[in-house]
Amino acid sequence: MEERILGNGLKVSAIGLGCMGFSHAYGKPTNKKEAIELIQKSIDLGYTFFDTAEVYGTSEDPHQNEILLGEALKPYRDKVVIASKFGIRFDEESTQVNKPLVPDSRPSVIRASLEASLKRLGTDHIDLYYQHRPDPNVPIEEVASLMNDLIKEGKILHWGLSEADEDMIRRAHAVCPVTAIQNRYSMMARWNESLFPVLEELNIGFVAFSPLANGFLTTKYGKDAIFDAKTDYRNVMPQFTPEAIDKNAELLKLLHQLANDKQATPAQISLAWMLSKKSYIVPIPGTRKWDRMKENAEAVNIQLKKEEVDAIDKALDTMEMSAVFGSTAIKERK
C-alpha cells in the first residue's frame, strides 16, 4: 500500500485500520483470537497505521481494545504506527447504547491515562496520541504544554486533536505542533472540509474517522438491516432508518454508477474520492471482516481525476440526503 505523511514526518499507510469495532459500538466484541489474526493479517495487505483509544471496550472490560491491539502488534511493533486517545470516559450511569461522553483532560488524568495505555499496549511509546474530545474546563494550551513534555520524555512521538475546530487547532499548534486531527469525514459528512485551509497552512494531517458513514456507504444495508439495541450504535444512527434508505436513494445510485464505471465497489469509490481530494487525508475505516479489510486496502489503486472529484462534489452538494450520525452527546464533568 502507498504511504502518506502526516504533519512533519509521521509516515503511515494511506489507509489505516480503525480498530474500535473489534471491541466497541458495533455489536458484541469479536472473538479475541479471531480479532488478533485479522489485525496481523492486515499487515500483509500493507496496513501500518492502527487506531485505538483507552475507552474502546465494554462496561465489563472498558479497555479491551488497547489490550487486544497490544497483543496483536507486539511482533510487529517496530513496523507499525499506533494511535491512541485520552481525555474522555463514558457516563456509565446512562442506559443508552451510545452513552454520553465525559471529557477530562486534567494533566494528572492524562499522565495516568498514558501510563495505563502504554502498559496495555505493551510499548514504551505511543506514536500518535490524540485528545479524544475537547475539555471545556481545561484550556487547550495546558494540554498542549503537557504534550510537549511527553514528547521530550519520549513517551509519545506525535500528538493530535479529535473533533477539533479551527480556533482550538491554532491555539494548540502554537504551543506544541499538532501532527494530525482526527475528525468525522465522509461523502455524507463534509462539514470539516472547512478546516482544509488551516491544515494546509500549518502542515497538519487529517485522519478521517467513519469515512464510510459507519458502513452505510458500502451500500450493503437496506431497510431489513437489524442492529443489536444493546451493543450496536447503528441502532440509533439516522442514516440506517428505513426512511433514510429512501431519502439517500440518489446517493446510493451515484455510488453504484461510479463503482460500475471504475470496476470497483461503492466503498472503494467512497475511499478513493477522499484520498484524491487531499494528499494529507488518511481514512481509517473499521471492519471485522477479512474481505472488507482487503476491499478497503485496494481502494488506493483507484485513481480519480480532479474533474471527476469535482463532479462528485457538485453532485453531493445538490442531492437530497438523510441526516447522518454526527457525534456522541457530551456530559459535563462534575
Side-chain angles (χ1 to χ4, degrees), residues 18-30 32 35 51-69 83-114 116-117 120 129-138 140 143 161-165 168 182-186 188-189 191-192 209-210 212-216 221 225-244 284 286 288 322-334:
C19 297
M20 179 182 76
F22 288 117
S23 309
H24 178 78
Y26 287 85
K28 293 180 180 179
T30 308
K32 184 179 180 181
D51 184 87
T52 185
E54 65 174 338
V55 295
Y56 293 161
T58 64
S59 296
E60 297 76 25
D61 190 0
H63 310 298
Q64 184 185 86
N65 205 243
E66 283 189 329
I67 296 169
L68 172 68
L69 205 59
S84 194
K85 310 177 195 75
F86 65 88
I88 61 169
R89 57 182 170 81
F90 289 103
D91 175 17
E92 290 297 340
E93 295 179 0
S94 171
T95 58
Q96 299 176 47
V97 60
N98 183 8
K99 299 180 187 301
L101 306 176
V102 181
D104 192 346
S105 283
R106 290 173 291 177
S108 60
V109 173
I110 295 172
R111 279 197 172 273
S113 289
L114 176 59
S117 289
R120 287 189 291 266
Y129 201 39
Y130 297 102
Q131 182 187 38
H132 209 151
R133 291 293 185 274
D135 185 340
N137 296 312
V138 180
I140 191 59
V143 176
L161 302 164
S162 184
E163 296 283 56
D165 60 19
M168 182 162 288
Q182 185 182 132
N183 282 15
R184 183 179 299 275
Y185 186 44
S186 72
M188 296 185 76
W191 49 84
N192 283 309
F209 75 83
S210 298
L212 299 175
N214 309 100
F216 184 83
Y221 298 95
I226 298 174
F227 304 107
D228 190 311
K230 293 183 178 180
T231 60
D232 199 320
Y233 284 18
R234 288 171 295 184
N235 186 60
V236 295
M237 291 183 183
Q239 66 266 38
F240 291 102
T241 65
E243 297 78 17
I284 51 167
R288 303 202 269 188
S322 74
V324 65
F325 181 70
S327 60
T328 301
I330 300 294
K331 183 177 179 179
E332 187 174 352
R333 182 174 75 247
K334 296 179 181 179

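Position 1 is the first residue of the sequence; numbering continues from there. Keep in mind the model is a prediction, meaning the values are calculated, not measured. Values below: all heavy atoms of this structure, side chains included; hydrogens, waters and symmetry mates excluded.
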Exercise. Do you know the tightest heavy-atom contact between Ile88 and Val55?
Worked result: O-CG1, 3.2 Å
Exercise. At what distance, to the nearest 0.5 angstrom, does OG of Ser117 lie from CG of Leu69?
Worked result: 11.0 Å
Seminar exercise, completed: The reported gap from CH2 in Trp191 to CG in Asp165 (rounded to nearest 0.5 angstrom) is 14.5 Å
Problem set entry | Euclidean distance, Ser113 OG relative to Arg89 CZ, rounded to 0.5 Å | 11.0 Å
Exercise. Closest approach of Ile284 and Phe209, non-hydrogen atoms and distance?
Worked result: CG1-CA, 4.0 Å
Exercise. For Lys99 and Glu93, what are the C-alpha separation, side-chain angles and deciding distance, and is it a side-chain contact (heavy atoms from CB on, under 4.5 Å)?
Worked result: CA-CA 9 Å; Lys99 299 180 187 301; Glu93 295 179 0; over 6 Å; no
Exercise. So, Lys32 side chain and Leu68 main chain: donor-acceptor pair closer than 3.5 Å or not?
Worked result: no
For this session: Rounded to the nearest 0.5 Å, what's the gap from OG on Ser105 to CZ on Phe86? Could you check?
Result: 5.0 Å
Seminar exercise, completed: Applying ring-ring contact (aromatic ring centres under 6.0 Å, His included) to Tyr130 and not counting sequence neighbours gives none
Exercise. With no hydrogens and no angle check, do the side chains of Ser162 and Gln131 hold a donor and an acceptor under 3.5 Å apart?
Worked result: no
Exercise. Got a second to check how far Ser59's OG is from Phe90's CZ, nearest 0.5 Å?
Worked result: 9.0 Å
For this session: Mind listing the closest non-hydrogen atom pair of Arg184 and Gly326 along with its distance?
Result: NE-O, 2.6 Å
Exercise. Side chain of Thr30, backbone of Ala35: donor and acceptor closer than 3.5 Å?
Worked result: no
Seminar exercise, completed: When Val138, Asp104, Leu114 are each screened for side-chain contact (heavy atoms from CB on, under 4.5 Å) with Val109, the one that passes is Asp104
For this session: Compare all side-chain heavy atoms of Ile110 with those of Val143 and state whether any distance is below 4.5 angstrom.
Result: yes
Seminar exercise, completed: Minimal heavy-atom distance between Arg288 and Lys28, with the atoms involved, is NH1-O, 2.6 Å
For this session: Determine yes or no for a side-chain-to-main-chain donor-acceptor pair under 3.5 angstrom, with Asn65 supplying the side chain and Thr52 the backbone.
Result: no
Exercise. How far apart are the closest heavy atoms of Asn214 and Gln239, and which atoms are they?
Worked result: OD1-NE2, 3.1 Å
Problem set entry | Rounded distance [0.5 Å steps], CE in Met237 versus CG in Asn235 | 10.0 Å
Exercise. Is it true that Asp135 and Arg133 have a side-chain N and a carboxylate O under 4.0 angstrom from each other?
Worked result: no
For this session: Report, as yes or no, whether the 6.0 Å neighbourhood of atom CD on Glu92 holds more than 12 heavy atoms from other residues, nucleotides or ligands.
Result: yes
For this session: Indicate yes or no: does Asp51 engage Lys85 in a salt bridge with an N to O separation below 4.0 Å.
Result: yes
Exercise. Do the non-hydrogen side-chain atoms of Ser94 and Pro100 ever get within less than 4.5 Å of each other?
Worked result: yes
Exercise. For Tyr26, what residues pass the ring-ring contact (aromatic ring centres under 6.0 Å, His included) criterion, not counting sequence neighbours?
Worked result: none
Problem set entry | Residues Asp91, Lys331: salt bridge by 4.0 Å N-O rule | yes
Problem set entry | Tyr221/Phe216 aromatic ring centres below 6.0 Å | no
For this session: Kindly say whether Ala244 contributes a backbone atom to a donor-acceptor pair with the side chain of Thr241 at under 3.5 angstrom?
Result: yes
Exercise. So, do Met188 and Ser322 sit near enough that their side-chain heavy atoms are less than 4.5 Å apart?
Worked result: yes
Exercise. Ion pair present between Asp228 and Lys230, side-chain N to carboxylate O less than 4.0 angstrom?
Worked result: no
For this session: State, with a plain yes or no, whether a side-chain heavy atom of Pro136 is found less than 4.5 Å away from one of Glu332.
Result: no
Exercise. Is the ring centre of His24 less than 6.0 Å from the ring centre of Tyr233?
Worked result: yes
Exercise. Is a donor on one side and an acceptor on the other found under 3.5 Å between the side chain of Asn98 and the backbone of Val236?
Worked result: no
Problem set entry | Where Arg333 and Pro103 come nearest, the two heavy atoms and their spacing | NH1-O, 3.0 Å
